[in-house]
Amino acid sequence: MTLRHRFIPLDNTRLAHLCGPLDEHLRTIEAALGVTLARRGDQFRIDGPKGRPEDALELLETLYAKSARQLSPEQVQLALASVLAKRQKLGRGKRGAKDADVPGPDDEPDEGPVLSTRRSDLQGRTTNQVDYLRHIMAHDLTFGIGPAGTGKTFLAVACAVDALERSMVQRIVLTRPAVEAGERLGFLPGDLSQKVDPYLRPLYDALYDLMGFDRVTKAFEKGQIEVAPLAFMRGRTLSHAFVILDEAQNTTPEQMKMFLTRIGFGTKAVVTGDVSQIDLPKGARSGLIEAERILRKVTGVAFTRFTPHDIVRHPLVGRIVQAYDRDALNTPPAA
């Protein structure tokens, strides 16, 4: 299928920003959508399988509208993620029994809640991310499950910062199990804080990005933010707090139950994890998988399932995740 397009009114500066240095942005779009983009002057020709050229054209128009300034690779990748998520949604609708159930181009969900953080424009970029934010706002316990790069942890931390800024909670508590990713690091040097910091570094990074280094440091000093390994949660009751359990696929069922029963009055909890990256000893059950099975129908608990189409990192990450998923389906389980 072939589409031809010309941007009217023509703005050569916007056109240059849209294409990127040496047409870098066009090459990114080609690789992600499986199309071929040819440009001569202000005229574009888009070739590809049925439906793909329309996706590419929609993306080009969206980016052209934003191209008064130079477009960063991140902006292009985020716009791509939205198009891919929309394509997935349309694909599900077309498998329905009635054509009336097929969502049209105007059926995009609104952009959802905007969070109060240092990044004033922070909000969900894909349909599942918007649903995830809404679940967190509306439920006392929310699970975010899916592959790396879908924003599970970052958006959860952003919601926690937003709740703290609005005085909806008195503190933020961040925790994760101290499990190595397939390696044995041995005994780490230093005091307790220095020993557990490597496991909690992704949470620190998100806080620094959303609040700034100085504000995070002061919040730690005031006790408004606490970061601790999961093993130290037993026996506590966490009230009026926003609690996040990250990397929950590496909890045992016993650890997961222990964590979930820490929730006190005025507390909101978010559990995130990727069940395709379990680092527990062979044969051990994942507490996240068990919790999803057991709590699926419990009132007040919400689940958001992310897919590779929600990945907002480099487009190659999404293709890598999909390739591993395909290989897992085609590989028989080990004896």
Side-chain angles (χ1 to χ4, degrees), residues 62 74-75 77-86 88-89 92 103 107-169 171-176 202-203 205-211 225 240-248 260 263 266-275 288 291-292 295-296 298-313 317-318:
T62 298
E74 181 183 14
Q75 287 177 292
Q77 291 157 16
L78 290 173
L80 266 170
S82 296
V83 169
L84 292 171
K86 180 180 177 182
Q88 183 194 34
K89 180 183 176 184
R92 285 199 299 266
D107 294 330
E108 283 277 332
D110 62 59
E111 295 178 336
V114 178
L115 304 176
S116 176
T117 70
R118 191 174 70 157
R119 295 175 55 170
S120 58
D121 62 340
L122 185 60
Q123 58 195 63
R125 301 285 186 175
T126 69
T127 302
N128 283 333
Q129 287 187 351
V130 171
D131 289 345
Y132 182 51
L133 293 177
R134 287 182 174 143
H135 285 161
I136 293 174
M137 299 292 185
H139 296 81
D140 290 334
L141 175 59
T142 301
F143 287 79
I145 304 173
T150 51
K152 306 181 301 296
T153 300
F154 189 82
L155 290 176
V157 174
C159 287
V161 171
D162 176 79
L164 187 65
E165 295 284 354
R166 298 176 191 274
S167 299
M168 297 171 63
V169 297
R171 57 180 169 153
I172 298 172
V173 180
L174 308 174
T175 185
R176 64 189 294 178
L203 300 175
D205 291 342
L207 285 171
Y208 293 147
D209 191 15
L210 293 165
M211 296 179 68
I225 300 177
H240 306 291
F242 198 114
V243 189
I244 300 173
L245 171 58
D246 191 32
E247 297 290 343
L260 295 177
I263 299 173
T267 287
K268 193 178 290 287
V270 180
V271 178
T272 70
D274 177 3
V275 294
L288 181 57
E292 184 177 18
L295 303 178
R296 172 60 69 180
V298 173
T299 303
V301 180
F303 288 85
T304 303
R305 268 282 185 176
F306 294 94
T307 74
H309 296 291
D310 297 303
I311 292 175
V312 291
R313 291 180 183 168
V317 176

Pairwise distance OG1(Thr153) to CD(Glu247) - rounded to 0.5 angstrom: 6.5 Å
Distance in Å, Ile244 CD1 paired with Lys152 NZ, rounded so as to fall on 0.5 Å steps: 12.5 Å
CG on Asp205 to CG on Leu203, rounded to 0.5 Å: 8.5 Å
Stepwise side-chain contact (heavy atoms from CB on, under 4.5 Å) test for Phe143 and Val301: CA-CA 8 Å; Phe143 287 79; Val301 180; 3.8 Å; yes
Verdict with reasoning, Asp310 to Thr126, per side chain to side chain donor-acceptor pair (under 3.5 Å): CA-CA 6 Å; Asp310 297 303; Thr126 69; 2.7 Å; yes
Ring geometry between Tyr132 and Phe306 (parallel below 30°, tilted from 30 to 60°, perpendicular above 60°): perpendicular
Side-chain H-bond candidate by donor/acceptor type, Asp131 with Thr304, under 3.5 Å: no
Lys/Arg-Asp/Glu bridge criterion (N-O < 4.0 Å) met for Glu292, Arg305: yes
Shortest non-hydrogen contact from Ala148 toward Asp274: N-OD2, 3.6 Å
Distance in Å, Leu164 CG paired with Met211 CE, rounded so as to fall on 0.5 Å steps: 6.0 Å
Closest heavy-atom pair and its distance - Pro308, Pro147: N-CG, 4.0 Å
Stepwise side-chain contact (heavy atoms from CB on, under 4.5 Å) test for Leu210 and Glu165: CA-CA 11 Å; Leu210 293 165; Glu165 295 284 354; over 6 Å; no
Worked verdict on Asp140 versus Thr267 for side-chain contact (heavy atoms from CB on, under 4.5 Å): CA-CA 7 Å; Asp140 290 334; Thr267 287; over 6 Å; no
Pi-cation contact, Phe303 with Arg296 (under 6.0 Å, within 45°): yes
Reported OG-to-NE2 distance for the pair Ser167 and His240, which is rounded to 0.5 angstrom: 13.5 Å
side-chain contact (heavy atoms from CB on, under 4.5 Å) between Asn128 and Thr307, intermediate numbers included: CA-CA 8 Å; Asn128 283 333; Thr307 74; 4.2 Å; yes
Contact check, side chains of Val243 and Val270, non-hydrogen atoms, under 4.5 Å: no
Side-chain heavy atoms of Leu133 within contact of Leu155, under 4.5 Å: yes
Contact check, side chains of Ile145 and Val275, non-hydrogen atoms, under 4.5 Å: yes
Taking every non-hydrogen atom, the tightest pair across Ala156 and Thr272: CB-CG2, 4.4 Å
Residues which pass side-chain contact (heavy atoms from CB on, under 4.5 Å) with Ala248, listed by chain and number, not counting sequence neighbours: Leu245, Met256, Val271, Leu288
Verdict with reasoning, Thr142 to His135, per side chain to side chain donor-acceptor pair (under 3.5 Å): CA-CA 6 Å; Thr142 301; His135 285 161; over 6 Å; no
Heavy-atom side-chain contact between Leu141 and Leu260 under 4.5 Å: yes
